[in-house]
S.K.: 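Quick one: the structure is below, and I'll ask about it shortly.
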Amino acid sequence: MSSQQTTLETLERLREESVTAGGPKLKEKQHQKGKLTARERLNLLLDNNSFEEFDVLKVGRGGNLGDSTTYLGDGVITGHGTIDGREVFVFSQDFTIIGGSLGEAHAQKICKVMDLAVKVGAPIIGLNDSGGARIQEGVDALAAYGEIFHRNVRASGVVPQISCIMGPCAGGAVYSPSITDFVFMVEDSSYMFVTGPSVVKTVTHQDISSEDLGGASVHSTKSGVAHFTVANDVLCLREIRRLISYLPSNNKQRSPILDLSDSPTRTDPALDYLIPSNSAESYDMHVLINSILDGAEFMEVHGNFARNIICGLGRLGGQTVGLVANQPAVLAGVLDNDASFKAGRFVRFCDAFNIPLISLVDVPGFMPGPDQEHGGIIRHGAKLLYAFTEATVPRISVIVRKAYGGAYLVMNSKHIHCDVNFAWPTAEIAVMGPKGAAEVIYRKEIAAAEDPDKVINERMEEYRDTFANPFLAAQRGYIDDVIFPRDTRSHLIRTLQMLDSKRSEKADRKHGNIPL
Ligand code: HXC
């Protein structure tokens with residue numbers, strides 16, 4: 001046998017050893033938990049045969065606690081491949097090897113693909129399934145996490161970063177996904193928490209399961225940590241592919257154009273009747289969103305969190321847009337702490353990645369009450385105000401009904417330099433709603449009246465005629481055009497075309513100080 005042949009055989013054996021390092025038993029255990037293996041996940045995520053793996057032969061140093069066993073690949077598969085022909089960088093933690101725990105070599109592999117992703121300008125996707133810092137490696141494991149966090153921050157706003165939680169993610173390890181742009185969680189098999197149930201029990205004497213503490217449901221409805229939850233690994237990987245289709249590869253590029261063969265001049269007469277004649281009645285804003293977008297395709301972000309505001313990605317004339325819309329069907333579409341945080345972060349993502357922003361406005365104001373005030377509605381509301389004001393991408397707003405007070409200003413108004421503002425004839429643009437306004441301005445008259453309700457109703461009517469319409473704002477030029485609802489789609493597409501070459505100047509500063 002030639003020495004060349006021996007070397008080839010050695011390489012073959014080592015590669016085989018790396019691929020099967022966890023062994024069939026643990027692979028089976030992974031399947032029994034309803035989870036795919038790290039490699040199976042990558043096969044589904046990436047285009048067929050597009051995966052190029054790095055560091056197959058890399059090994060860790062072994063632990064400091066006597067057991068010096070090392071594994072080829074050190075518990076994470078890294079490399080690059082394509083999604084719909086576009087390059088992405090990936091890492092996929094292998095729970096079958098030391099619980100996917102993160103040691104020095106494991107982290108170096110992740111850092112290598114993160115560095116390359118930034119260098120070539122391609123998204124980085126992390127499939128997380130790990131027991132966290134590898135305990136045997138002590139401070140080296142902690143240092144390794146620090147290197148990843150550092151890169152997450154440096155890559156933020158440069159390339160899209162997507163995290164997918166497909167198993168445990170505990171302790172400080174949660175901070176890497178939480179810095180990234182989007183977090184997916186798989187239902188019933190993933191969880192995230194800073195301290196697990198046993199520590200909670202010790203410190204607070206509370207009994208709580210992993211699922212109730214940090215499962216997909218909790219993070220998608222209560223904490224807002226997860227942007228998407230998906231029923232299983234297969235669907236999750238499909239959804240990541242869908243998300244990538246809306247995004248540019250980096251901050252210097254635009255999202256790919258995808259022609260869904262939907263006429264840009266398509267009208268929808270039903271929109272003329274979407275707004276109920278009683279302004280106190282609700283309706284579902286999704287009807288408008290689905291009507292205007294190409295092919296009614298909408299990828300909603302944070303769909304189960306702060307449902308009083310809707311954020312998500314769609315296409316108009318083939319071009320990706322970010323939509324921020326108040327939802328009158330939930331809490332009357334009011335802005336509260338969670339809604340402000342949710343929309344603020346989404347707006348900043350779109351602005352960082354050249355995705356034009358469209359706001360669909362029907363907002364009665366900010367949520368009143370001590371819960372919201374004490375919870376920080378002033379600073380949270382300011383986040384959304386800051387985010388819209390700071391955004392330099394093309395910005396278009398359509399006021400479909402209520403636009404009251406500070407919430408009117410915050411929701412991408414002309415006054416914070418939105419580029420083009422439309423209103424439907426049903427728009428009501430005023431400092432506050434008719435009842436509240438009448439009760440403040442005519443307090444003395446109402447108090448002195450024999451029939452106060454009659455006076456209130458008369459004064460409300462008068463107020464409504466004067467302010468609860470878009471015409472005063474249009475006279476001032478705060479609204480560029482009052483449009484027929486049925487034509488909304490074509491107005492938006494034409495305006496996006498016009499704004500395509502928008503230029504903007506950056507302030508000469510290190511960075512602003514958003515009220516985080
Ligand atoms: C080393 C680990 C490990 C870890 C799991 N394993 N987590 N080894 N370091 N962090 C090993 C287990 O010993 C086991 O090895 C194998 O992985 C599979 O784990 P199991 O416990 O058998 O699996 P399961 O029952 O599914 O439980 C999974 C688990 C549990 C819930 C994740 O392993 C666990 O609680 N691990 C510790 C989690 C943790 O506290 N991590 C540190 C978080 S703090 P064998 O040889 O028996 O098969 C942190 C700090 C980050 O990460 C700081 C960043 C700044």
Side-chain angles (χ1 to χ4, degrees), residues 34-36 41-42 44-46 83-84 88 90-93 123-129 152 156 159-169 173-193 211 214-248 255 286 289-290 293 296-315 320-325 327 330 338-339 341-350 352-353 355:
K35 293 162 47 171
L36 297 175
R41 287 168 176 161
L42 287 178
L44 287 175
L45 176 67
L46 301 171
I83 290 182
D84 293 328
V88 295
V90 287
F91 66 87
S92 180
Q93 291 179 313
I124 175 98
I125 302 169
L127 307 182
N128 296 263
D129 189 358
N152 283 135
S156 183
V159 295
Q161 300 184 80
I162 297 170
S163 297
C164 186
I165 315 299
M166 309 184 100
C169 184
V174 295
Y175 287 110
S176 172
S178 73
I179 296 170
T180 63
D181 299 304
F182 295 105
V183 176
F184 287 76
M185 286 186 80
V186 179
E187 288 159 22
D188 303 322
S189 59
S190 71
Y191 51 82
M192 298 175 80
F193 34 65
E211 184 62 28
S217 161
V218 167
H219 284 311
S220 61
T221 59
K222 291 188 179 162
S223 72
V225 168
H227 300 84
F228 305 96
T229 60
V230 192
N232 56 51
D233 284 14
V234 177
L235 292 176
C236 188
L237 298 161
R238 206 177 288 166
E239 283 300 283
I240 296 176
R241 288 180 62 94
R242 184 155 85 101
L243 177 60
I244 287 285
S245 78
Y246 286 102
L247 308 183
S255 299
H286 285 107
I289 293 171
N290 291 337
L293 289 178
E297 283 188 15
F298 182 51
M299 183 149 197
E300 190 167 349
V301 174
H302 264 143
N304 294 320
F305 176 72
R307 289 172 48 246
N308 38 328
I309 201 156
I310 301 170
C311 298
L313 300 161
R315 292 183 186 87
T320 297
V321 291
L323 273 147
V324 179
Q327 169 58 296
V330 178
D338 286 347
F341 150 74
K342 164 177 162 176
R345 186 152 169 83
F346 180 72
V347 164
R348 294 196 103 216
F349 172 80
C350 291
F353 289 103
I355 297 174

S.K.: Could I get the full list of salt bridge (charged side-chain N to carboxylate O under 4.0 Å, His left out) partners for Asp181, not counting sequence neighbours?
M.R.: none
S.K.: Does Phe341 have any ring pair (Phe, Tyr, Trp, His ring centres under 6.0 Å) partners at least two apart in sequence or in another chain, and if so, which?
M.R.: none
S.K.: Counting C-beta onward and ignoring hydrogens, is there a side-chain heavy-atom pair between Thr180 and Val183 closer than 4.5 Å?
M.R.: yes
S.K.: Hey, what do you get for OG (Ser163) to CG (Asn152), rounding to the nearest 0.5 Å?
M.R.: 7.0 Å
S.K.: Could you list the residues that satisfy side-chain contact (heavy atoms from CB on, under 4.5 Å) with Ser178, not counting sequence neighbours?
M.R.: Tyr175
S.K.: Do any pairs count as a side chain to side chain donor-acceptor pair (under 3.5 Å) and have a residue in residues 303-314, sequence neighbours left out, and if so which ones?
M.R.: Asn308-Asp336
S.K.: Check salt bridge (charged side-chain N to carboxylate O under 4.0 Å, His left out) between Arg348 and all other residues, then give those that pass, not counting sequence neighbours.
M.R.: Glu390
S.K.: Can you find a heavy atom in the side chain of Ser189 that is under 4.5 Å from one in the side chain of Lys35?
M.R.: yes
S.K.: Please list, chain by chain and in numerical order, all residues satisfying side-chain contact (heavy atoms from CB on, under 4.5 Å) with Val174, sequence neighbours excluded.
M.R.: Cys169, Met192, Val194
S.K.: My understanding is that only residues two or more places apart in sequence, or in another chain, count here; which of them pass ring pair (Phe, Tyr, Trp, His ring centres under 6.0 Å) with His227?
M.R.: Phe182, His302
S.K.: Just wondering, do Leu247 and Leu313 contact through their side chains at under 4.5 Å, heavy atoms?
M.R.: yes
S.K.: Could you tell me whether the side chain of Phe305 reaches within less than 4.5 Å of the side chain of Thr221, counting heavy atoms only?
M.R.: no
S.K.: How would you list, by chain and number, every residue that makes a ring pair (Phe, Tyr, Trp, His ring centres under 6.0 Å) with Phe193, sequence neighbours excluded?
M.R.: Tyr191
S.K.: For Asp188, what residues pass the side-chain contact (heavy atoms from CB on, under 4.5 Å) criterion, not counting sequence neighbours?
M.R.: Glu211
S.K.: Excluding sequence neighbours, so at least two apart, what forms ring pair (Phe, Tyr, Trp, His ring centres under 6.0 Å) with Phe353?
M.R.: Phe349
S.K.: Answer yes or no: is there a side-chain heavy-atom contact under 4.5 Å between Glu187 and Ser217?
M.R.: no
S.K.: Can you find a pair of side-chain heavy atoms, one from Cys311 and one from Lys342, that are under 4.5 Å apart?
M.R.: yes
S.K.: Does some side-chain heavy atom of Leu127 sit less than 4.5 Å from a side-chain heavy atom of Phe91?
M.R.: no
S.K.: Counting distance only, does the side-chain N/O of Thr320 pair as donor-acceptor with the main-chain N or O of Tyr246 below 3.5 Å?
M.R.: yes
S.K.: side-chain contact (heavy atoms from CB on, under 4.5 Å) for Ile310 and Leu323? Distances and angles first, verdict last.
M.R.: CA-CA 8 Å; Ile310 301 170; Leu323 273 147; over 6 Å; no
S.K.: Salt bridge (charged side-chain N to carboxylate O under 4.0 Å, His left out): which pairs involve residues 236-247, sequence neighbours left out?
M.R.: Asp47-Arg241, Asp84-Arg241, Glu239-Arg242
S.K.: Does Ala352 have any side-chain contact (heavy atoms from CB on, under 4.5 Å) partners at least two apart in sequence or in another chain, and if so, which?
M.R.: none
